Amino acid sequence: MTASNTAPDNGASGNDVTTASSVPTKAGGRGYSPEQRAGALIEALPYIKRFRGSVVVVKFGGNAMVNEDLSRTFAEDIVMLRSVGMKPVVVHGGGPQIGELLARLGKQSEFRDGLRVTDAETLDVARMVLVGKVGRDIIGEINVHGAYAVGMSGEDGGLIRAEITQPELGFVGEIVDVNPGIIERLLAEDLIPVVSSIGSDQKGQALNINADTVAGALGGALAAEKVIYLTDVPGLLADIDDPASVVIRTTIDELERAMADGTISGGMVPKVRSCIDAVQAGAASAHLLDGRVPHVLLLELFTDAGIGTMITAKPAQPATSATPTTSTASTAPNDHRQTGTSQ
Ligand code: ADP
Ligand code: MG
């Protein structure tokens, strides 16, 4: 019953036997009182009840994906969602990993409007890295907890039909059709689909697709409760140079304006575009979250604290539409959550 039996996080002082028994605050709940621990669980209860049975599409990307600790906590979160009766679907990118292998092969990466220019060789590399490496790593992390995750490319089961619309980008596909049957069957079996962002055209030609776009299209096709993007910024920023300028809540109209005036650029363009597509197609809300925060998914889904940016088709309360909703992080966060199921 002493702290030393239950303090694995004290590894840095592993040889320091003289202090091992004098750190009771580290025992069990990592320094939290029994009341605080019980309080956190009770706080989660209404969210667990509300989200039971609902589909949540999560786009995993950014720095979180190349950090071992964050990959592990991400997998824990996904397994937690499944364990409380939700139906998580993971979509992943792999920009850094594709870029790294291309660099090793002596090839330069080139982007236009956040999309990778993809010649035949780059397509092969992207497909190998996404389907054969990044997807496998995520599945491995999840399946440490049980035989849950099943990997697939968007080519599998006709999931993502795409075509080239911007030939100057090479083998980059725009989604023309999503056939989510294969995903629905896996979800019905309580499995966790892990989808790599490759699609194919009618002739079977594989095409590289931005992973955000895939997540948005799947979120819409599955009428997801939420489509959640984990990225490497705290959310959508009103001023890209000010990390504190997080937009808590916004709508399609406001985002269209921000894209037109250049507030949104680079990789945020396809991300925001796919958020718009998802909520227009029937997802209840889309969220941009900071994937660098451990367990950010649990914080978003199961706590009262609003976190990141929430996007809905329309403002939550028409009565308040005269006031700006692109307020900064200092305003009441609870509003962020309570409106999550509005149209
Ligand atoms: P991911 O791997 O998550 O897809 P991206 O690099 O493609 O990451 O997209 C996120 C990036 O978008 C941010 O790191 C940031 O540099 C850029 N960005 C552009 N405009 C904005 C904005 N208004 N708010 C936040 N990030 C922005
Ligand atoms: Mg991106």
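Owing to the predicted nature of the structure, the values given are computational and were not obtained by experimental measurement. Whatever order the structure lists ligands and atoms in, that order sets their numbers, starting from 1. One is the number of the first residue; the rest follow in order along the sequence.
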Just checking M80: does its CE atom have more than 12 heavy atoms from other residues, nucleotides or ligands closer to it than 6.0 angstrom? no
- Query: Is the number of heavy atoms from other residues, nucleotides or ligands within 6.0 Å of CD (E68) greater than 12?
  - Reply: no
### Task
Tell me, with the steps shown, if R161 and D201 meet side chain to side chain contact (heavy atoms under 4.5 Å, CB included).
CA-CA 6 Å; R161 179 79 62 219; D201 72 9; 5.6 Å; no
Distances under 3.5 Å, N/O of ligand 1 against N/O of the protein: list each pair and its distance.
residue	atom	partner	partner atom	Å
ligand 1	2 (O)	G62	N	3.0
ligand 1	3 (O)	T231	OG1	2.7
ligand 1	3 (O)	K271	NZ	3.0
ligand 1	4 (O)	K59	NZ	3.2
ligand 1	4 (O)	K271	NZ	2.7
ligand 1	12 (O)	M268	N	3.4
ligand 1	14 (O)	D232	OD1	2.9
ligand 1	20 (N)	S265	N	3.2
ligand 1	23 (N)	L237	O	3.0
ligand 1	23 (N)	T263	O	2.9
ligand 1	24 (N)	L237	N	2.9

Give every donor-acceptor pair under 3.5 Å between a side-chain atom in residues 273-282 and any protein atom, sequence neighbours left out.
residue	atom	partner	partner atom	Å
R273	NH1	E256	OE2	3.3
R273	NH2	E256	OE1	3.2
S274	OG	D212	O	3.1
S274	OG	Y229	OH	2.9
S274	OG	P270	O	3.1
S274	OG	K271	O	2.8

Quick one: side chains of residues 114-126, donor-acceptor pairs under 3.5 Å with protein atoms, not counting sequence neighbours, listed by atom name and distance.
residue	atom	partner	partner atom	Å
R116	NH1	S109	OG	2.8
R116	NH2	G95	O	3.2
T118	OG1	R116	O	2.9
T118	OG1	N208	ND2	3.2
D119	OD1	E121	N	3.3
D119	OD1	T122	N	2.8
D119	OD1	T122	OG1	2.7
D119	OD2	K107	NZ	2.7
E121	OE1	K107	NZ	3.2

By salt bridge (charged side-chain N to carboxylate O under 4.0 Å, His left out), R127 pairs with (sequence neighbours left out) E155
